[in-house]
Amino acid sequence: MILQSNPKAAYLSHRAEIDAAIARVLESGWYILGQEVAAFEREFAEYIGVAHAIGVASGTDALVLSLKACGVGPGDLVFTVAHTAVATVTAIDLCGAAPVFVDIDPQTYNMDPQRLEEAIAGAVTSGLGLARAVIPVHLYGAAAPIDTIAQIARAYGLRLIEDCAQSTGSEFADTKTGAWGDLGAFSFYPTKNLGALGDGGMVTTNDDELAERVRLLREYGWKERYVSALPGTNSRLDEIQAAILRAKLPFLDSANAQRRHIADLYDSLLVTSGLTLPKRSEIAPSVFHQYVVQTEGRDSLREYLKQAGVGALIHYPVPVHRQPAYEAFGRGASLPHTERAAREVLSLPIYPELDEESVRETASQILSWQRSHSS
Ligand SMILES: *Cc1c(COP(=O)(O)O)cnc(C)c1O
């Protein structure tokens with residue numbers, strides 16, 4: 001069986017460092033918000049190239065606390081995409097705000113800035129709420145056109161929060177994702193490019209005031225212990241996860257390079273496959289959280305691969321505006337590229353430790369599916 005992702009392999013390849021990091025925390029006697037979190041926050045901020053990084057409990061919480069730090073709440077509108085992990089929208093809804101869905105660019109699967117501008121103009125005249133923020137998602141590891149999106153956000157006075165859950169380490173024009181917006185939200189879910197062995201997340205920002213607010217919000221709004229200055233929550237990154245992430249951060253760039261190497265190999269093996277392969281961009285090189293192909297025969301290809309022992313997944317099968325929990329927000333939205341992507345995309349196996357043999361086997365199964373499919 002060829003797995004689609006494999007967090008255990010990442011653990012095993014850095015086992016000594018990770019085991020030592022866990023033991024260090026266990027023996028320290030300090031398990032919540034201690035030296036490991038503080039050190040990881042410094043190291044991560046330096047890696048991303050921002051002034052502040054604040055460890056939180058998950059990527060979802062990183063988005064929620066970012067929105068709350070910007071003062072987003074009931075009656076507010078937040079522009080985002082429906083072709084994303086549901087968590088992006090969960091976070092907006094948890095703040096009491098309403099998502100406004102913007103269609104994607106069919107080649108990159110990321111937010112289309114032109115559609116964003118139209119959606120903002122439409123919202124301003126609709127009177128449905130106050131346009132407050134935009135959350136572009138850097139999907140599959142490649143940055144959205146964040147320069148243009150940032151310009152639009154500035155022009156309309158919107159806060160810009162980057163969803164970097166799938167893009168840790170990726171850059172747009174030589175600046176890391178998470179350093180472009182007012183805030184960046186990261187996830188350390190085990191299968192992400194920088195994965196913990198449990199849940200974790202991070203908020204990045206260059207703004208001292210926003211950083212201070214996120215810091216308060218993650219622990220009951222405490223400025224002073226036991227006295228809440230703001231209505232906050234419990235969303236702390238724990239010491240064990242921070243220590244594990246510190247052990248893994250030095251290997252992130254080489255792990256991402258390995259993902260790129262696998263993507264290059266897929267590209268060369270699948271040239272004749274007839275599938276639409278990931279679009280490459282020099283200004284926004286992907287860190288390949290996913291290697292996503294597109295075909296009208298997606299369901300048949302996925303079944304064929306499954307029979308052949310190759311794990312492939314769909315990110316994502318039901319766009320958020322079609323999911324029962326959130327469809328009320330999507331009424332009237334026209335998202336043809338989002339809907340087509342949901343029908344046709346397939347994520348092939350990719351993770352840094354995936355061996356070349358498995359990549360070749362996956363590609364060869366795809367080519368034999370193509371032959372049987374076209375005859
Ligand atoms: C994983 C993910 C999240 C949520 O992160 P969690 O740590 O699982 O809460 C948010 N947005 C995107 C795009 C993701 O892929």
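This is a predicted model, so every value here is computed, not measured. Counting convention: from 1, in listed order, for ligands and their atoms alike. No hydrogens, no waters, no symmetry mates; every other heavy atom, side chains included, goes into these values.
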Residues two or more places apart in sequence or in another chain: which of them pass side chain to side chain donor-acceptor pair (under 3.5 Å) with Ser66? none

If we ignore angles and hydrogens, is there a donor and acceptor under 3.5 Å between the side chains of His321 and Glu339? yes

What residues, two or more places apart in sequence or in another chain, satisfy ring-ring contact (aromatic ring centres under 6.0 Å, His included) together with Tyr11? none

Side chains of His138 and Gln166: is there a donor and an acceptor less than 3.5 Å apart? no

Side chains of Thr338 and Asp103: any donor to acceptor distance under 3.5 Å? yes

In a simple table, one pair per line, please give the protein and ligand 1 atom names for every N or O pair closer than 3.5 Å, along with the distance.
| residue | atom | partner | partner atom | Å |
| --- | --- | --- | --- | --- |
| ligand 1 | 5 (O) | Ser187 | OG | 3.2 |
| ligand 1 | 7 (O) | Gly59 | N | 2.8 |
| ligand 1 | 7 (O) | Ser187 | OG | 2.7 |
| ligand 1 | 9 (O) | Gly59 | N | 3.3 |
| ligand 1 | 9 (O) | Thr60 | N | 2.8 |
| ligand 1 | 9 (O) | Thr60 | OG1 | 2.5 |
| ligand 1 | 11 (N) | Asp163 | OD1 | 3.3 |
| ligand 1 | 11 (N) | Asp163 | OD2 | 2.8 |
| ligand 1 | 15 (O) | Gln166 | NE2 | 2.8 |
| ligand 1 | 15 (O) | Lys192 | NZ | 3.1 |

Can you sort out the partners of Thr148 under side chain to side chain donor-acceptor pair (under 3.5 Å), two or more places apart, ordered by chain and number? none

